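Scroll down for the structure; my scribbles are underneath it.
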Amino acid sequence: MRKMDLQKWIDNKDFMEGYSYRKKTFEKIDIRHDDEDYFVEDLQKNNLLKIESSKGFLGIF
């Protein structure tokens, strides 16, 4: 997410704070930015991030 953002961020903490601020300001969505685990948890809870298994479907039967 950080690398795909239009802004350049110093580090993850800087990104999480800025991203949280934008979501709160423009979409009224609260995202905790004090801790990376809480940040990811809130992104998932608000359907902003979906983490899928790295195991792909091989389609072999």
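This one's a predicted model, so the numbers in the text were calculated from it and none came from an experiment.
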Query - F15: hydrophobic cluster co-members (side-chain, 4.5 Å) - result: M1, W9, M16, Y19, I29, I31, F39, V40, L43, L48, L49, I51

Query raised in the report: More than 12 non-hydrogen atoms from neighbouring residues, nucleotides or ligands closer than 6.0 Å to NZ on K13, yes or no?
Result: no

**Report entry** salt_bridge(D5, R2) N-O dist < 4.0 Å
**Finding:** no

Requested in this report: Could you list the residues that satisfy side-chain hydrogen bond (donor to acceptor under 3.5 Å, both in side chains) with D34, not counting sequence neighbours?
Outcome: none

Requested in this report: Using the test side-chain hydrogen bond (donor to acceptor under 3.5 Å, both in side chains), find all partners of Q44 that sit at least two apart in sequence or belong to another chain.
Outcome: none

Query raised in the report: Which heavy-atom pair separates D14 from I10 by the least distance, and what is that distance?
Result: OD2-N, 3.2 Å

Report summary line: Between H33 and S20, the two heavy atoms sitting closest are CB-OG, 3.4 Å

Query raised in the report: CG/L6 to CE/M4 distance, rounded to the nearest 0.5 angstrom?
Result: 9.0 Å

Report task. Applying side chain to side chain donor-acceptor pair (under 3.5 Å) between R22 and each of Q7, E27, E17, report the one that passes. Result -> Q7

